[in-house]
Amino acid sequence: MSSYLESNYKKITTHVLSEMKHRGEKIAMLTAYDYSMARLIDMAGIDVILVGDSASNVMAGYTTTLPITLNQMIYHASSVMRAVERALVVVDMPFGTYQGNSKEALQSAIRIMKESGANAIKMEGGQEIVESINRILSAGIPVMGHLGLTPQSIHKFGTYVVRATEHEEAERLKEDALILEKAGCFALVLEKIPAELAAEVQKMVKIPVIGIGAGNQVDGQVLVLHDMLGITQKFSPRFLRRYHNLTEEIKGSVGSYIKDVKTGDFPNEREQY
Ligand code: KIV
């Protein structure tokens, strides 16, 4: 076992994540939206796969996460579920399927769980969505919370800058974290907030806190897979570490293929019948 992999869980569950927090083992989470990528990152040992509504940006090319539909999220989630053996799979509830009406929220969550086979759902917001969270939890569906920069509210924020830098918003965020924990959320994502505030929340709550642009004093990290592999290029926030430059690799390989086809070099004698 590698030293950074303190445990060797066969299957990650919400209970395993709680155990990991209490043992001080960091949680590694990435997004995936399709079978092939999900299979690769599951084989590599990722703990949690988020079928994020960031699919709206990276898979469909929209500028926000708002347009993606429940049916599209279920399609992405079921593709991921066919690939995954070990990771816990969490699916984002898309914009407009839970905010206003807790009964509709429950129906949306049930559709995701029934039609994709996912393990849990994620919802953006605090106090204002707690009624929906309660109803979903009472149906036995695990819920991951998401506070800080919540991209489904981009039109309210007006910009993707760091959230909760002012006292009032930071206090509200801490209250919301306690509300989500008390409601029964099994984990919490904190996006793009000061590292010091995230560290405070991590100590305040017993549930695992996963950060994205929230410093390293939290229980785990999440990144968008296409960002960390260097497939997306325009998006370059300070918190993003790029582990690869797949844009250049793919352009290089496709360029070689084009050259080989055009020059008649491909296929050669061994590559034909
Ligand atoms: O949709 C998404 O990818 C997310 C992560 C950025 C946390 O919500």
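Just so we're clear, the structure is a prediction, and the values are computed from it rather than from any experiment. Note that ligands are numbered from 1 as they come in the structure, with each ligand's atoms numbered from 1 the same way.
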Undergrad: Pairs under 3.5 angstrom, nitrogen or oxygen on both sides, ligand 1 versus protein: list them out, please.
TA:
{"unit_1": "ligand 1", "atom_1": "1 (O)", "unit_2": "Asp53", "atom_2": "N", "d": "3.2"}
{"unit_1": "ligand 1", "atom_1": "1 (O)", "unit_2": "Asp53", "atom_2": "OD1", "d": "3.0"}
{"unit_1": "ligand 1", "atom_1": "1 (O)", "unit_2": "Ser54", "atom_2": "N", "d": "3.1"}
{"unit_1": "ligand 1", "atom_1": "1 (O)", "unit_2": "Ser54", "atom_2": "OG", "d": "3.2"}
{"unit_1": "ligand 1", "atom_1": "1 (O)", "unit_2": "Asp92", "atom_2": "OD2", "d": "3.1"}
{"unit_1": "ligand 1", "atom_1": "3 (O)", "unit_2": "Ser54", "atom_2": "OG", "d": "2.5"}
{"unit_1": "ligand 1", "atom_1": "8 (O)", "unit_2": "Lys122", "atom_2": "NZ", "d": "2.9"}

Undergrad: Hey, are Glu169 and Arg163 close enough for a salt bridge, meaning a charged N less than 4.0 Å from a carboxylate O?
TA: yes
Undergrad: For residues 122-160, which residue pairs qualify under ring-ring contact (aromatic ring centres under 6.0 Å, His included), counting only residues two or more places apart or in two chains?
TA: none
Undergrad: If we ignore hydrogens and angles and just use 3.5 Å, is the side chain of Lys206 paired with the main-chain N or O of Lys21 as donor and acceptor?
TA: no
Undergrad: Should side-chain heavy atoms under 4.5 Å link Ile, Leu, Val, Met, Phe, Trp and Tyr, which residues sit in the same cluster as Met59?
TA: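 Met59 shares its hydrophobic cluster with Tyr33, Val58, Val224.
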Undergrad: What are the two closest non-hydrogen atoms of Ser116 and Met81, and how far apart are they?
TA: O-CG, 3.1 Å
Undergrad: If a pair satisfies ring-ring contact (aromatic ring centres under 6.0 Å, His included) and one of its residues is in residues 100-127, list it, with sequence neighbours excluded.
TA: none
